[in-house]
Amino acid sequence: MYLVFDLETETYSSHKRKASPFDSRNHVVARGWKAQNDTKCSYEYYGADRTKTYLRIPDQTTMLVGYNIKFDLLWEMANGNPDLHSFYKRGGKIWDCQYAEYLLNAQHPDSQMAALTDVAPLYGGTKKIDAVKALWEAGCKTVDIPEDLLIDYLVGTEEESRNGGDIRNTELAFLGQIQRAIRLGMLKMIQDRMDSLLATTDMEFRGLHVDVNEAKRRLNILNAELAEAEAELAQYIPDDLPFEFNWGSKYHASYIIFGGTAKYSKQTTYIDEATGELARLKTKERHYVHADGSTHPTEPGIKYLSGKNKGEYKTKMVDVPGELKVKYQDFTYKFPGYTEPKDEWATKNVDAVGLPVYQTNSDVITEISIRNIPFLKVLSKKQALDKEIGTYYLRFDEKKKEYVGMLTCVQPSDKMLHHKLNHTSTVTTRLSSSDPNLQNLPRGDKSEVKAMFDSRFGEDGEMIEADYSQLEVVVQGVLSGDKNLCDFLRAQIDFHCKRVAAKFGIAYEDALVWCKDENYPDYKMWKARRTGCKEFSFQRAYGAGAPAIAAATGMSLSDVEELIEAEEALFPGIVEFNALVESAVKKSAVPFQSPNDAGQWKTYRRGFWQAPTGTMYSFRTYDAQEWQRKRGITDSFSPPEMKNYPVQGTGGEFVQGILGLLWRHFISKDFYNGRAYLVNTVHDCVWADVHKSVRDEVAADMKRIMESIPEYYNNRYGMKIDVPFPVEVEYGPNMNKLHHWKQPG
DNA sequence: TGGGTGAGCGCC
DNA sequence: AAAAGGCGCTCACCCA
């Protein structure tokens, strides 16, 4: 039996969370629900009463249904709902209509983060009551919304017999989605992903513990380095510069390196068109009056002969020219530049005289670094420091008058950071992360940012990270079934060394030693060669063509083409699989209208490919390339997208399936009696925060469950996966100090 | 002043 | 024959 529910809460934002359940100013204002056989919705209105309330979940309930249900679940967890854990423990499931809609529509951008008011009408539901939304948008607090109106919004009006509103709309969407899911062969897949949503909801609720002292210590060091870099850079700013130079500006950086004309404005005097003279303010001054009627500011003239001022000098107020007037006017300043740019570095932006502004990114800086430009090194350093401080630590933004950076998301009271893991924001079904994004933290070899993430259990705790090795290569093997690839995967071949061996005509066994054994005499050279091959394989995985790979790796085009040819000969199954996807996409293509780059409406197509698990991927066409146009082709699918989505998406799907299994396991263990929590996931890895006393048990369980992908998908989906999904587990005091974990004994 | 955009860059 | 995948965040700049 299902139970639909929804909450209306107070909406204060803190730490980038709207209506945050972690903000003590917020509370549940009203709650609505409807069980499967109810003929109308139920509700409770609590108004300003801040007593913690919770949803009763009857024992016969097997599924909770909601719209963006993570929000409501987080509130139930924050309020300490006593029914939730036992509901989960007896196998209770969820259905999030927002997530289902996104998957049913093949992750079409219009279905990403879709609103209930847009989805409900598709299933016979109604649009939301605009008045409530308008009140919220006008800054009205939820408690100040009239009770009648809020309840109508939540469960429908009395005329609708309270069988309407968000609750009924959610129920209608749910029932319709189930039918669609069955028809499309997607039910099992969606249900599995709903369990992953439970896992990430739990991760958000638990949050990450931040060692604020460590963060501050590191921030101080970075700020000192930044000040030093800026002081050094200051000497390269022209002495006569009439405006403030900003090294952080891409425009300024381009001008000073490549030359260019900056536009700046300053307040200065100007010619009054009426008089032809410098414009001045008008002002009044008291002057002495002389007998001839003239006036003078200092020399007295005639006196009053009578009246109350009798005997005093006669004066009057006269208009005189005042201060010179100033206004903002645009000026230009030309920088000579240090070196010549390449045409291909031009950006779309132009300087004050219409010449292009050039890229000053790290690739460009690297390329011109041999040209003896004095400040390049320290400029790169400043750019890197700006990025690290502003994104991952804390910086006061003078323009916004507020702090920016990841540390703004840390709650001062308990040093916890509740990030977001989003399930409906990508075209490939991958998860995304935001507020802050914990999926793009700099790696340990680049920065110490990760050191601030430590255990909530203090000295008694540790962090665990469990990673799939070469997940996308394994998935490529599963999808294509390519014999050689699968053989290599089963033999645990290091693909990068394999490529080194092929490219340099040496034995694979030699490549393994030469690239990995630090004691081998030419280790450094071979390691670099392996890194080059690694880059090649990443580019290949993304579906990149030969010219792109050549540009990225610095290899010659013919070398790259040779490598690609060798790959295709070695893995013919991949070529076949790619062709299969392409033909399915083209066969299923349906036309749609969309504006092109020039803003004119044009006909494009959208085609589909469905994975063995049921996940649907959709691809749109783009304006054809010039050489295609000559042959009468107007639009075409993107080969890189068709090669990449199935692999990236299926990898993501496997990890999500596993997140669900991991979370179910943690639930069954009562989170190891409150001593271990899943806290984050980054595409092919999972983080946990554990008490040391259960570390080995948790690590072993995680490894076992994560490596069970073949078993799980073969049983549940009838797949025939016969390659391993090896997982490496690491642990340590924080996320920057991890070492390899091995099963004890 | 505030939203939108492009460039740039962090991760997988 | 040809085609560089997926995200989110910060910054500067533009424009309404």
Side-chain angles (χ1 to χ4, degrees), chain A residues 16 107 112 246-254 263 345 347-350 357-365 380 383-384 386-393 395 397-401 404-406 408-409 419-422 425-444 446-447 449-450 467-468 470-472 535-536 538-553 557 560-561 564 617 619 621-628 630-631 633 636-649 651-652 655 680-685:
Chain A
K16 299 197 181 181
Q107 305 81 242
Q112 295 182 14
N246 179 1
W247 289 97
S249 162
K250 284 145 193 96
Y251 293 75
H252 291 185
S254 174
K263 186 170 71 184
W345 296 339
T347 67
K348 287 181 185 175
N349 301 316
V350 292
V357 172
Y358 294 93
Q359 295 176 342
T360 53
N361 60 37
S362 55
D363 282 353
V364 171
I365 300 287
S380 298
Q383 286 171 343
D386 278 340
K387 166 85 178 167
E388 185 166 355
I389 292 169
T391 302
Y392 301 108
Y393 289 88
R395 203 181 77 86
D397 187 315
E398 296 293 345
K399 293 216 173 84
K400 285 200 244 178
K401 299 289 175 212
V404 297
M406 190 172 73
T408 60
C409 297
H419 58 316
K420 292 182 191 156
L421 291 161
N422 315 306
S425 295
T426 70
V427 292
T428 59
T429 75
R430 259 193 181 180
L431 306 186
S432 81
S433 171
S434 61
D435 305 307
N437 181 355
L438 288 192
Q439 291 182 331
N440 72 347
L441 297 173
R443 298 145 50 116
K446 201 166 203 164
S447 147
V449 170
K450 282 185 166 180
D467 277 80
Y468 284 103
Q470 310 191 74
L471 179 66
E472 296 204 350
E535 179 67 17
F536 170 85
F538 281 134
Q539 300 296 333
R540 280 300 284 169
Y542 300 150
I549 298 179
T553 60
L557 192 61
V560 173
E561 280 166 348
I564 291 176
Y617 298 90
F619 306 84
T621 57
Y622 302 92
D623 287 327
Q625 309 267 312
E626 194 47 42
W627 61 273
Q628 292 174 311
K630 282 188 192 137
R631 291 163 37 178
I633 298 167
S636 68
F637 291 101
S638 155
E641 285 182 2
M642 288 188 289
K643 285 177 187 158
N644 187 39
Y645 288 14
V647 177
Q648 189 187 111
V655 172
N680 193 27
T681 174
V682 190
H683 307 307
D684 62 1
C685 76

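Lettering follows sequence order; numbering is per chain, from 1.
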- request: Enter the inter-axis angle for the ends of the helix from B:dT1-C:dA16 to B:dC12-C:dG5 (five pairs per end, rounded to 10°).
  value: 0°
message: Under 4.0 Å from OP1 or OP2 of B:dG10: is there any side-chain N or O of A:Lys446 that close?
response: yes
message: Taking the side chain as everything from C-beta on, heavy atoms only, tell me whether A:Val655 gets closer than 4.5 Å to A:His683.
response: no
- prompt: Using atom C1' of each nucleotide, how far apart are C:dA4 and B:dC9 to the nearest Å?
  reply: 16 Å
field: Per A:Asp397 side chain, nearest of listed nucleotides C:dG6, C:dC11, B:dG10
entry: C:dC11
- request: Kindly state which residues belonging to residues 426-439 of chain A come within less than 4.0 angstrom of DNA chain B, counting heavy atoms of the residue only, listed by number.
  value: A:Arg430, A:Asn437, A:Gln439
task: From the options B:dG10, B:dC12, B:dC9, select the nucleotide whose nearest atom is closest to the side chain of A:Ser362.
output: B:dC9
- request: Would you tell me if any nitrogen or oxygen in the side chain of A:Ser249 comes within less than 4.0 Å of OP1 or OP2 on C:dC13?
  value: yes
task: Measure the distance from CG on A:Leu421 to C1' on B:dC12 and round it to the nearest whole Å.
output: 14 Å
task: Taking A:Gln359 for its side chain and A:Thr347 for its backbone only, find out whether a donor-acceptor pair lies under 3.5 Å.
output: no
- request: Look only at the side chain of A:Ser433 and the backbone of A:Leu438, and say whether a donor-acceptor pair between them is shorter than 3.5 Å.
  value: yes
query: Want to settle it: does A:Asn246 or A:Arg631 sit nearer the 5' end of DNA chain C, counting the closest nucleotide to each?
result: A:Arg631
task: Could you tell me the separation between the NE2 atom of A:His419 and the C1' atom of C:dC9, rounded to a whole number of Å?
output: 16 Å
query: How close or far is atom P of C:dC7 from atom CD of A:Gln112, stated in whole angstroms?
result: 7 Å
- request: Among C:dG8, C:dA4, B:dC12, find the nucleotide with the atom closest to the side chain of A:Arg443.
  value: B:dC12
- line: When rounded to whole Å, the CZ to C1' distance for the pair A:Phe538 and B:dG10 reads 15 Å
field: side-chain contact (heavy atoms from CB on, under 4.5 Å) assessment of A:His252 paired with A:Trp247
entry: CA-CA 6 Å; A:His252 291 185; A:Trp247 289 97; over 6 Å; no
message: Does C:dG5 have OP1 or OP2 under 4.0 Å away from a side-chain N or O of A:Arg540?
response: no
query: Looking at the side chain of A:Lys16, which of C:dT10, C:dC13, C:dA3 is the nearest nucleotide?
result: C:dT10
field: Flag side-chain contact, heavy atom, 4.5 Å: A:Lys250 against A:Val357
entry: no
message: Taking donor-acceptor contacts at under 3.5 Å, does the side chain of A:Gln628 reach the base of C:dA3?
response: yes
query: Between A:Tyr645 (OH) and C:dA3 (C1'), how many Å, whole number?
result: 13 Å
- prompt: Ring stacking, A:Trp627 with base of C:dA2, under 5.5 Å and under 30°?
  reply: yes
- request: Examine distances only and state if a side-chain atom of A:Thr408 and a backbone atom of A:Gly405 form a donor-acceptor pair shorter than 3.5 Å.
  value: yes
- prompt: Is A:Ser434 reaching over with its side chain to a backbone N or O of A:Asn437, donor-acceptor style, under 3.5 angstrom?
  reply: no
message: Using OP1 and OP2 only, check whether a side-chain N or O of A:Thr391 sits under 4.0 Å from C:dG8.
response: no
field: Below 4.0 Å: OP1/OP2 of C:dA3 and any side-chain N or O of A:Lys643
entry: no
task: Go through B:dC11, C:dA4, C:dG8 for me and flag the one nearest to the A:Pro442 side chain.
output: B:dC11
query: Taking it one step at a time, do A:Leu431 and A:Thr426 satisfy side-chain contact (heavy atoms from CB on, under 4.5 Å)?
result: CA-CA 7 Å; A:Leu431 306 186; A:Thr426 70; over 6 Å; no
message: What's the closest nucleotide to the side chain of A:Ser636 if the choices are C:dG6, C:dA3, B:dG10?
response: C:dA3
- prompt: How is A:Glu641 classified with respect to the nucleic acid when contacts are heavy atoms under 4.0 Å: base, sugar-phosphate, or nothing?
  reply: sugar-phosphate
message: Using OP1 and OP2 only, check whether a side-chain N or O of A:Tyr251 sits under 4.0 Å from C:dC13.
response: no
query: Looking at side-chain heavy atoms only, is the closest gap between A:Asp467 and A:Val682 below 4.5 Å?
result: no
task: Determine the contact category for A:Gly405: base if any of its heavy atoms lies under 4.0 Å from a base atom, sugar-phosphate if only primed atoms, P, OP1 or OP2 are that close, otherwise nothing.
output: sugar-phosphate
message: Distance check needed: C:dA1 P versus A:Ile564 CD1, whole Å only.
response: 14 Å
Within-4.5 Å side-chain heavy-atom neighbours: A:Gln107 and A:Tyr645: no
- prompt: Side chain of A:Asn361, base of B:dG8: donor and acceptor closer than 3.5 Å?
  reply: no
Nearest-angstrom distance from the residue atom CZ of A:Arg395 to P of C:dT10: 10 Å
query: Below 4.5 Å, heavy atoms only, C-beta onward: do A:Asn361 and A:Trp345 meet side chain to side chain?
result: no
message: As a test of reading the structure: which of C:dG5, C:dC11, B:dC12 is closest to the side chain of A:Asp684, going by heavy atoms?
response: B:dC12
query: Across the strands shown, which category fits A:Ala548 at heavy-atom distances under 4.0 angstrom: base, sugar-phosphate, nothing?
result: base
- prompt: The side chain of A:Tyr542 lies closest to which of these nucleotides: C:dC11, C:dG5, B:dC11?
  reply: C:dG5
query: A:Val404 side chain: which of B:dC11, C:dT10, C:dA3 is closest?
result: C:dT10
task: Check whether any side-chain heavy atom of A:Glu641 sits under 4.5 Å from a side-chain heavy atom of A:Val427, and report yes or no.
output: no
message: What is the distance, to the nearest angstrom, from the NZ atom on A:Lys387 to the C1' atom on C:dA12?
response: 14 Å
Sugar-phosphate, base or nothing in reach of A:Gly543, heavy atoms under 4.0 Å: nothing
